[in-house]
Amino acid sequence: MRLHLKTLAALNESHDGLILGIGTKQHLNTAAAQLNESLDGAIVRILDQSGFEGKTGQSLTVYQVPGIQAPWLILIGTGNSEELTPAQWVKMIQAAYKAASDLKLNSVVFGLLDSTPPVFNPIEAFTLASRTLRECTYQFNTYKSQPSTTHTPKDLTLVVADKSLLTNFKQALHWTEAVAEGTALCRQLGNLPGNVCTPNYLSEQAQHLAKLSKKVKIKVLGEAQLEKMGAGAFMAVSRGSNEEGRLVLIEYRGVPNQKGISVALIGKGITFDSGGISIKPAAGMDEMKFDMCGAATVMGVMRTLIRAELPINVVGVLACAENMPSGNATRPGDIVTTLSGKTVEILNTDAEGRLVLCDALTYTQQQYHPDIVIDIATLTGACVVALGKVTSGLFSSDDALADELLEAGRLTHDTAWRLPLAADYQELLDSPAADIANIGGPTAGAITAACFLSRFVEGSRWAHLDIAGTAWLSGTKKGATGRPVPLLTEFLKRQIHA
Ligand code: BES
Ligand code: MN
Ligand code: ZN
């Protein structure tokens with residue numbers, strides 16, 4: 001699908017379909033108003049006769065309206081423009097896309113992008129809308145012998161009512177395409193099953209990524225190296241599996257003459273989480289193929305950086321392992337020494353994410369000395385209980401960093417919510433036998449997991465995103481969402497302007 005930008009003149013061109021936005025109280029948005037005027041009130045007559053109220057979620061399809069070039073006219077309810085929420089905005093765009101897709105239209109004029117949510121400026125709203133449209137085209141058909149018949153329009157022409165914004169919108173569209181590409185890669189990797197998307201597969205995909213740009217270099221550490229250097233926590237997770245664990249480092253240098261790395265992104269890449277010896281119940285265990293969505297997010301972000309050629313130095317780190325039970329697996333009660341030197345009593349082998357991440361955190365800080373470290377992980381069921389599938393959990397002791405991440409999430413409608421990281425929770429991780437236990441008891445599970453990670457931060461500004469709820473959808477819509485690629489790419493983009 002190609003996305004085009006045109007002024008209101010596009011309304012008079014011949015296309016297969018025309019989509020217009022209608023608010024409540026017969027509020028016509030700019031494109032609808034202009035057409036209504038040139039057709040002597042034809043749009044208002046349709047509204048009068050059909051009783052179309054313009055509520056969000058409503059749509060009306062009309063065939064062959066005299067005077068309109070396109071055979072299909074699709075009216076989408078935009079509600080009360082003063083109250084339109086970002087969530088409604090996204091749903092509206094999705095509904096418009098679906099209407100065009102259901103009618104199998106190939107060339108569509110999209111004229112509803114100017115009744116925007118009041119919390120966004122026009123460019124922010126447009127960026128979200130165009131990304132939403134692009135994301136509508138993603139389908140996971142890799143393993144369907146009969147690929148899905150959902151139609152994708154070939155050309156979508158987005159109408160820019162305010163001509164003075166055309167240049168800004170063009171730039172925004174360029175960025176959108178880069179973000180959408182990253183999000184699509186994240187979803188694709190997330191959706192691949194555990195028998196395909198192994199730690200080795202992820203390292204190969206990272207190598208493919210590196211081939212796209214001279215700005216990227218890859219390093220891959222295998223189990224022999226990890227064992228030798230003393231990554232005992234990482235190895236405790238990986239040892240039970242026949243798949244070899246990998247620590248993948250993707251160095252992106254957007255500012256070659258600048259020394260060092262400014263941001264490190266560390267993703268949890270458990271390609272399947274059975275729980276290990278502390279095995280999980282059977283129901284829903286299939287969804288633990290998504291337990292590498294943190295690593296997939298990092299891959300997606302790196303892809304966006306490459307495509308947008310963002311001038312920033314970022315290292316992406318994928319902590320990839322499979323968590324399996326076997327005769328060689330870690331036992332509950334085992335004590336291991338982490339790369340940092342701290343010892344951990346592994347009371348529950350299902351709390352494995354923090355174990356691969358703590359060694360990845362230590363390694364990354366030792367090697368790169370980044371200013372900012374952000375880890376992204378499908379870390380705890382407790383976070384899903386707390387925040388559901390709507391917002392990601394954000395933890396940081398750095399208020400400024402936390403605020404920047406929250407703002408990036410708000411702007412991209414890839415929202416996060418900050419949870420406390422107070423020192424008082426740390427004692428829940430006390431172990432009688434080692435420096436620290438890997439679980440903190442039945443309460444505050446998302447917080448104690450973050451507390452565990454915080455023990456391995458030294459010197460960098462650090463934030464942790466628990467994406468256990470937001471990385472994928474369950475049920476009939478089961479599939480990876482690509483979150484939080486939009487949040488993180490927006491955050492990085494804003495680091496440059498800051
Ligand atoms: N990958 C899971 C977390 C998870 C569970 C994400 C359900 C999404 C949905 C993680 O490795 C895990 O098993 N965490 C345990 C921690 C517990 C043993 C302290 C959990 O949340 O139950
Ligand atoms: Mn687990
Ligand atoms: Zn896990």
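If you're wondering where the values come from, they're calculated on a predicted model, not measured in any experiment. We count ligands from 1, going down the list as the structure has it; atoms in each ligand are counted the same way.
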For the pair [X] and [Y], find out whether any cationic side-chain nitrogen is under 4.0 Å from an anionic carboxylate oxygen.
X	Y	value
Lys268	Glu352	yes
Asp435	Lys342	no
Lys478	Glu287	no

Show your working on salt bridge (Lys or Arg N to Asp or Glu O under 4.0 Å) between Glu181 and Arg134 and close with a plain yes or no.
CA-CA 9 Å; Glu181 199 174 299; Arg134 179 56 80 207; over 6 Å; no

Would you list the protein N, O or S atoms within less than 2.8 Å of the Mn ion (ligand 2), leaving out water?
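Result, waters dropped: Asp273 OD2, Asp350 O, Asp350 OD1, Glu352 OE1.
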
Could you tell me if Asp291 and Thr378 have a donor-acceptor pair between their side chains, going purely by distance under 3.5 Å?
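Note: Thr378 and Asp291 side chains meet the donor-acceptor criterion.
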
Taking the inter-plane angle between the rings of His464 and Trp462 on a 0 to 90° scale, is it parallel (under 30°), tilted (30 to 60°) or perpendicular (over 60°)?
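Answer is parallel, since the angle falls under 30°.
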
Quick one: does NZ or CZ of Lys477 land under 6.0 Å from the six-membered ring centre of Trp472, within 45 degrees of the ring axis?
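So Lys477 doesn't make the cation-pi contact.
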
Show the protein residues that qualify under the rule heavy atom under 4.0 Å from an atom of ligand 1, listing them in chain and number order.
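Answer by chain and number: Lys268, Asp273, Lys280, Met288, Asp291, Asn348, Asp350, Glu352, Arg354, Thr378, Leu379, Thr380, Gly381, Ile439, Ala468, Trp472.
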
Testing Val301, Thr297, Asp414 for side-chain contact (heavy atoms from CB on, under 4.5 Å) with Thr489, which one passes?
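Exactly one option meets the side-chain contact (heavy atoms from CB on, under 4.5 Å) with Thr489, and it is Val301.
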
Which atom names give the shortest non-hydrogen contact between Val119 and Arg410, and what distance separates them?
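For Val119 and Arg410, the tightest heavy-atom pair comes out as O-NH1, 3.4 Å.
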
Short of 2.8 Å from the Zn ion (ligand 3), name each protein N/O/S atom, waters not counted.
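Hits for the Zn ion (ligand 3) below 2.8 Å: Lys268 NZ, Asp273 OD2, Asp291 OD2, Glu352 OE2.
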
Considering residues, nucleotides and ligands other than Lys280, do more than 12 of their heavy atoms fall under 6.0 Å from its NZ?
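Yes, because the 6.0 Å sphere around NZ of Lys280 holds more than 12 heavy atoms from other groups.
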
For Asn328, does the CG atom have more than 12 heavy-atom neighbours from other residues, nucleotides or ligands under 6.0 Å away?
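Yes - once you tally the heavy atoms of other residues, nucleotides and ligands closer than 6.0 Å, there are more than 12.
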
Verify, without hydrogens or angle tests, whether Glu322 (side chain) and Phe272 (backbone) share a donor-acceptor contact under 3.5 angstrom.
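Side chain of Glu322 to backbone of Phe272, a donor-acceptor pair under 3.5 Å: no, none is there.
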
Please list, one pair per line, the donor and acceptor atoms closer than 3.5 Å that link side chains of residues 310-318 to other protein atoms, with sequence neighbours excluded.
from: Asn313; atom 1: OD1; to: Gly254; atom 2: N; distance (Å): 3.0
from: Asn313; atom 1: OD1; to: Val255; atom 2: N; distance (Å): 2.9
from: Asn313; atom 1: ND2; to: Val255; atom 2: O; distance (Å): 3.3
from: Asn313; atom 1: ND2; to: Gln258; atom 2: O; distance (Å): 3.4
from: Asn313; atom 1: ND2; to: Gly260; atom 2: O; distance (Å): 3.1

